[in-house]
Amino acid sequence: MSQRFQSYIDGRWIAGADSAADENPSDLGSPVGEYGSLNAAQVNEAIAAAAQAQRAWGLSSPQQRADALDFVGSEILARKEELGRLLAQEEGKTLPESIGEAARAGQIFKFFAGEALRIPGEKLASTRPGVDVEITREPVGVVGIIAPWNFPLAIPAWKIAPALAYGNAVVFKPAEIVPGCAWALAEILSRAGLPAGVFNLAIGSGRVVGQALVENRGIDALSFTGSVPTGNRLLKQAAERGLKIQLEMGGKNPLVVLADADLDKAVEIAVNGAYFSTGQRCTASSRLIVEAPVYDEFIARTRKRLQQIKVGNALAQGVDIGPVASRSQLETDLSYLEIARSEGAELLHGGELLELDTPGHYLSPALIAAQPQHRIAREEVFGPVAAVLRADDYEHALALANDTEFGLCAGIATTSLKYATHFKRHAQAGMVMVNLPTAGVDPHVPFGGRKASSYGPREQGRYAVEFYTTVKTAYTSA
Ligand code: TXE
């Protein structure tokens, strides 16, 4: 019998109503398991349990919270191969990438175990004689977490770990197509010594479970990663009721390749950033902006490199790129290839559906020569699809890089200190990479973007304290 991935409310496992298959995008005949969805009443029950449990948890000793998070981090790290295998089966990332993501999730829990013991505060002299001023950080309360499918262990980790470290209770809603990873994480959290109700997992649809999280006034803050339309809808609803909200959304991240770059290195950075993890990273380099003198040579070398890339079953050895995560994402990818063609962009490589030993959503990496106004050069596809643009010179390349509604990450390949320094300063993005792929960030430093990519305080590292706490200023006269 296949495994059923359950929700977790107030310390109890809840099967959920209907039954849906948890698909394996590398092998559509062999689902990973099945799951049931919660209804709105059950989500409201989870929120009520969280609100009840948070009162004591918010006053618990930092050591208790540190120990719980350290336990979770240690177990994830000890089981990273097994958890990585589940992730690879469910999301379609290659096994090495999946194991890497599991390890990262473990490290994030370890990092915030330490942060639980280092909650910052300040003490200042008042402007009034004989008065002290203390600035302390307190938990926000109950945090709703809505996560996407593309990093089904790491993104939940970087939201759940700080939420718990700073004394909040959590109701976590994973994306529909990755209930297995969410369940595995919840199963570890259920044994970490957290009081019942402090952590809750609510599996189900965005329409029911996600909506309940934004509508129920028991939720004090909402952290979301996903698409721009959903994020913007949540932002409006949050504004109407004064809900603290943080959004991480799309990207159309530029990688500028200058004529002075080490071209082989630039090609490697471009291929890694654009196509690894099947291009399903919000930081993927989906716009390659190449300076005219090396444009033809860059394309020739990139095509040659793409011919060596192996697309295949996420669990198979030697595979560079796994399948697209779901049928609907594959349909989106194919529709953008069609849009590109119809607008006159030129397909230089790939973009073909592949039939392999196991039936799956396999798409060969697509490289498309585009003009800046083409939709393929402006809209997030979220697949193994990159547009390449020609730039006259550095100034033109920088202008093209910034000519986007998004602002998550921007990269440059160059050997020039002058241009690298200028680009770091002038790229309109939350993160900048010099001679590195736009995708691939460290877990202990802030993550997030500008413009339409993000809203609210940064995630990860010490900067996470901003969203997951609220500040209190206390005045004392002796
Ligand atoms: O996103 P959704 P999807 C982008 C990417 C991708 C597209 C669609 O372009 O092709 O989004 O992905 C929940 N109220 N990114 O469909 O729908 C949903 O259940 C409350 C980029 O997965 O935004 C899931 O848990 N919640 C991004 C989460 O929102 C709702 C990463 C995200 O789903 C809801 C992922 C509602 N009305 C997708 N509707 C990145 N750049 O990192 C849905 N949800």
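Just so you know, these numbers use all the heavy atoms, side chains as well, and skip hydrogens, waters and symmetry mates. Every number for a ligand or one of its atoms is a count from 1 in the order of the listing. The chain is numbered in sequence order, starting from 1.
Ligand 1 has at least one atom lying under 4.0 Å from a heavy atom of F224. In this structure, T332 falls outside the shell of residues with a heavy atom less than 4.0 angstrom from ligand 1. Using a non-hydrogen distance threshold of 4.0 Å, P174 registers as a contact of ligand 1.
In this structure, atom 33 (O) of ligand 1 is not in close contact with the protein, since no protein heavy atom lies within 4.0 Å of it.
Within 6.0 Å of NZ on K110 lie more than 12 heavy atoms contributed by other residues, nucleotides or ligands. Counted within 6.0 Å of CZ on F71, heavy atoms from surrounding residues, nucleotides or ligands total more than 12; the atom is thus considered enclosed. For R327, the CZ atom is loosely surrounded, since the number of other residues' heavy atoms within 6.0 Å does not exceed 12. Taking a 6.0 Å sphere around CZ of R85, one finds it holds 12 or fewer heavy atoms contributed by other residues, nucleotides or ligands. Counting non-hydrogen atoms of other residues, nucleotides and ligands closer than 6.0 Å to CZ of R462 gives a total of 12 or fewer.
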Tell me, with the steps shown, if S326 and Q329 meet side-chain hydrogen bond (donor to acceptor under 3.5 Å, both in side chains). CA-CA 5 Å; S326 68; Q329 185 61 55; 5.6 Å; no
Does the side-chain hydrogen bond (donor to acceptor under 3.5 Å, both in side chains) test come out yes or no for T438 and R281, once each step is laid out? CA-CA 10 Å; T438 53; R281 297 185 282 192; over 6 Å; no
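Scanning all protein heavy atoms for the shortest distance to atom 35 (C) of ligand 1 gives P148 CB, 3.4 Å. For atom 37 (N) of ligand 1, the nearest non-hydrogen atom of the protein is R233 NH1, 3.0 Å. Closest to atom 17 (O) of ligand 1 among all protein heavy atoms lies T230 OG1, 3.5 Å. Residue, atom and distance of the protein heavy atom nearest to atom 23 (O) of ligand 1 are S227 OG, 2.7 Å. The protein heavy atom nearest to atom 13 (C) of ligand 1 is I146 CG2, 3.7 Å.
Using cut-offs of 30° and 60° for the angle between ring planes, the F5 and W183 rings count as tilted. Aromatic ring orientation, F151 versus W158: tilted (interplanar angle from 30° to 60°).
Within the 4.0 Å heavy-atom criterion, the part of N150 lying near ligand 1 is the side chain and not the backbone. Contacts with ligand 1 closer than 4.0 Å are made by no heavy atom of P229, backbone or side chain. The proximity of Q329 to ligand 1, defined as any non-hydrogen pair under 4.0 Å, is limited to the side chain. Counting heavy atoms under 4.0 Å from ligand 1, residue L234 touches it through the side chain alone. Counting heavy atoms under 4.0 Å from ligand 1, residue A147 touches it through the backbone alone.
Side-chain atoms of K252 and T404 form no donor-acceptor pair, as typed in the model, at a separation below 3.5 Å.
The nearest non-hydrogen atom to atom 14 (N) of ligand 1, considering only Q280, E380, E176, Q211, comes from Q211. Nearest to atom 27 (C) of ligand 1 by heavy atom, out of G226, C282, G449, is G226.
Evaluated for a side-chain contact (heavy atoms from CB on, under 4.5 Å) with V267, the options I299, T302, L306, V257 yield exactly one hit, T302.
Within ligand 1, counting atoms from 1 as listed, the ones closer than 4.0 Å to a heavy atom of G206 are 14 (N), 19 (O), 20 (C), 26 (N), 30 (C), 34 (C), 36 (C), 39 (N), 43 (C), 44 (N). Close approach of ligand 1 to G250 (heavy-atom distance below 4.0 Å) involves ligand atoms 41 (N). Of all the atoms in ligand 1, the ones that sit under 4.0 Å from a non-hydrogen atom of G210 are 14 (N), 20 (C), 26 (N). Numbered from 1 in the order shown, with element, the atoms of ligand 1 that lie under 4.0 Å from a heavy atom of W149 read 3 (P), 12 (O), 22 (O).
Polar contact with ligand 1: present for K173 (N/O pair, distance under 3.5 Å). Remark: ligand 1 and S205 share no N or O pair separated by less than 3.5 Å (distance only, no angle test). Considering backbone and side-chain N/O of M249, one or more are found under 3.5 Å from N/O of ligand 1.
A salt bridge is absent between R458 and E466; no separation between the charged side-chain nitrogens and carboxylate oxygens falls under 4.0 Å.
Note that the CG atom of L235 and the CD atom of E240 stand 10.5 Å from one another [nearest 0.5 Å].
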Output a table of donor-acceptor pairs, distance under 3.5 Å, between side-chain atoms of residues 196-208 and any protein atom two or more places apart or on a different chain; print 'none' if there are none.
from : atom 1 : to   : atom 2 : distance (Å)
N200 : OD1    : D10  : N      : 2.8
N200 : ND2    : V170 : O      : 3.2
N200 : ND2    : G197 : O      : 2.8
S205 : OG     : V208 : N      : 3.0

